[in-house]
Amino acid sequence: MKGTELILRALHAKGVKYIFGYTGGTIMPVIDEMGKQHDLFTFVMPRHEQGATFMAQGLSRASLSTDNPQIGVCMSTSGPGAMNLVTGIADAHMDSVPIVAITGQVATGVIATDAFQESDVVGVMMPICKQTYMPLAVDEIEKTIHEAFYVATTGRFGPVVIDIPKDVQLQETAKKYSFDLKKYQPRLPGFYYHPSPERDVLHKAIELINRSERPVMFCGHGVISSNAGEMLQEFAEKTNIPVAFTLHGLSAMPIDHPLSLGMMGMHGTVEANRAVMNADLIISFGMRFDDRVTGKLSEYAKNADVIHVEIDPSELDKNVATSVAINADVARTLHVILHDPELTSKPRRRWLKEIAENRKITLAEAEKELSVGVGDDGKLLMKTIVSRLSTITEGKDIIVPDVGQHQMMAARFYNFQTNNSWFSSGGAGTMGCSLPMAIGAKLARPDERVWSISGDGGFQMNIQELGTIMEQGTDVKIMILNNGYLGMVRQWQTLFFDGRYAGTPMLSPDFGLIAKAYNIPYQKVTELDKVDAAIRAAAEHEGAYLLEFICDPSEVILPMIPAGGGFGDMIVSRQKA
């Protein structure tokens, strides 16, 4: 068998159905072999290689909670093709998303000679993924691919890159070659995986929980990755402990649950952030205490003990010192702790009453603007549009935001009811991710409605993926919240740069003409009384639909903790000039 056949045989054995890729000289043999075996895979060609990485991410993330989880696979040729994967792979690495990227490479005989379309893929990718491979013989290919999938999905999820020279793809195996998948075990010296919590540290954690008066739980991406949302909710209800969510923890449980505090951190709710300030115990599940969550570390949770449950040992005590560190899988830890007879329940009425009072501040500030629905200039408010979308969809649809002001609006004002229904670029904050990621999410869960929500800036970064939607017939509902600026940067300029809007105004094309070119229905909405009808029209339409809402550029998303500030510096309301 040729190397190309072994590549596809291994991918098929791992349950791969979709391959997102862009052909070229050094990956052409694999794509050609796929054409011969056209019934095994669906090949989805983005209009830019970066799109392939985000499509793969969307597939991986959305299918995680289904009966048939899949790992997104993307392919590209060498040189510029492989380099165009870098941003999406770095994004997956920051957000712990399992994808496998396969790149073609120039032939082994000309590696390191500056051959045509050669680039050091292994060297470039090594710092931004879990593992990189370059098989140099045909009989290494199958083992390498199976090991790559194991690495991507074991412990803390992440991307893996396999760079395969063209001559290795075309090599023939010897007659004696064999690979027994049933007996295969990856050999990874130094890698130790401990999914179950140790009894002694769990006992210490339960002691802290039982004696705490003002505890708060943090729900991070690890809760989603381990499918532990229902158990987290059960644990919260059993112990009467409120739950705050990181950006990636959203949709692990219903956001309107009585014990939900909403999102915490830089743009978190007042009740979530003040709970962190006043807590005597923080119980963190599957999150890494990044700067957007903690603010100024020297002032963070000074009066609280910290229990940190995390699959990656390198994250424990990295940013925030722990009282109890539990290096284990979130789902397994919650399962054990829920059934521990030592765990007790308290009413915690005084603590919950304090939280309820703080919640009124968030609601009062939001309701002021939502009741009006437009800004001072009469243009639509993003938060109003997201709130209307939430009401019409009953919070049950899949939401895939881009990065920026609208992203925070969606995180705050969509009433998430469906488990694992929010897919966002967090750690890397990559503009342009939404449209391709939504395509992957729709392929993973075809029976659910998917909304891609972008600003006018982010949408134009990968606008070409409308071509993929057109070619594949993908039913993605697209919202552009167009305020004529790079909205989040403009907000910072408003608050911290004396209103100097340098580099943020943006002139956009006629999105209606662009939609027409791709044969996608389109509506432009400028009036508040037309918002609901437009959303319903898109929701009920069979196929892709593009909505453009003209929004108020002066709108800001509050609360906000200034960069480098502490929770005590939280800006709750904007003073009128």
Side-chain angles (χ1 to χ4, degrees), residues 4-24 27-28 30-77 81-82 84-85 88-89 91-92 95 97-104 145-146 148-149 152-153 157-162 164 398 400 420 423 433-450 452 462 464-476 543-544:
T4 53
E5 296 175 85
L6 295 181
I7 292 169
L8 298 183
R9 185 168 80 171
L11 293 177
H12 181 62
K14 300 308 295 182
V16 173
K17 295 180 180 178
Y18 295 98
I19 294 176
F20 307 98
Y22 207 96
T23 192
I27 200 66
M28 198 182 303
V30 180
I31 306 297
D32 180 66
E33 188 64 41
M34 200 185 308
K36 299 174 187 175
Q37 305 181 34
H38 58 84
D39 57 331
L40 291 185
F41 307 98
T42 297
F43 182 70
V44 179
M45 187 180 77
R47 298 313 188 250
H48 188 285
E49 289 91 349
Q50 186 188 112
T53 60
F54 286 113
M55 291 174 197
Q57 276 204 52
L59 185 83
S60 289
R61 295 175 70 169
S63 70
L64 186 66
S65 54
T66 68
D67 293 334
N68 184 31
Q70 301 174 60
I71 303 303
V73 174
C74 55
M75 287 185 181
S76 79
T77 192
N84 282 340
L85 301 178
I89 288 171
D91 187 279
D95 289 346
V97 179
I99 64 173
V100 173
I102 298 176
T103 57
I145 290 174
H146 284 284
F149 274 79
T153 58
F157 293 165
V160 176
V161 177
I162 310 171
I164 310 178
I398 293 172
V400 187
N420 191 29
F423 311 120
C433 68
S434 174
L435 196 58
M437 196 182 291
I439 293 171
K442 182 63 180 181
L443 292 175
R445 284 153 66 175
D447 296 330
E448 297 182 56
R449 198 159 46 212
V450 176
S452 166
N462 273 319
Q464 70 278 354
E465 299 311 335
L466 291 174
T468 308
I469 288 174
M470 176 184 67
E471 184 172 342
Q472 298 294 324
T474 315
D475 186 358
V476 172

Mark yes when over 12 heavy atoms from residues, nucleotides or ligands other than Lys17 sit less than 6.0 Å from its NZ; otherwise mark no. no

Phe149 atom CZ, over 12 foreign heavy atoms within 6.0 Å: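 Yes, because the 6.0 Å sphere around CZ of Phe149 holds more than 12 heavy atoms from other groups.
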
From [X] [atom1] over to [Y] [atom2], what is the distance, rounded to the nearest 0.5 angstrom?
X: Ile469; Y: Ser452; atom1: CD1; atom2: OG; value: 7.0 Å
X: Phe157; Y: Ile71; atom1: CZ; atom2: CD1; value: 7.0 Å
X: Leu6; Y: Leu11; atom1: CG; atom2: CG; value: 11.0 Å
X: Phe54; Y: Ile89; atom1: CZ; atom2: CD1; value: 10.0 Å
X: Met55; Y: Thr468; atom1: CE; atom2: OG1; value: 4.0 Å
X: Gln472; Y: Leu443; atom1: CD; atom2: CG; value: 7.0 Å

Compare every heavy atom of Asp475 with every heavy atom of Ala544, then report the nearest pair and how far apart it is.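 Looks like N-OD1, 3.8 Å.
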
Considering non-hydrogen atoms only, spot the tightest contact between Ala62 and Arg445 and give its length.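 It is O-CD, 2.9 Å.
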
Under the salt bridge (charged side-chain N to carboxylate O under 4.0 Å, His left out) rule, what pairs show up with a residue in residues 37-60, not counting sequence neighbours? Arg47-Glu471

Give a yes or no answer on whether the side chain of Gln57 reaches the backbone of Gly88 with a donor-acceptor pair at less than 3.5 Å. yes

Check Leu85, Ile27, Ile164 against Thr103 for a side-chain contact (heavy atoms from CB on, under 4.5 Å) and give me the one that passes.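 Checked Leu85, Ile27, Ile164 against Thr103; only one passes side-chain contact (heavy atoms from CB on, under 4.5 Å): Leu85.
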
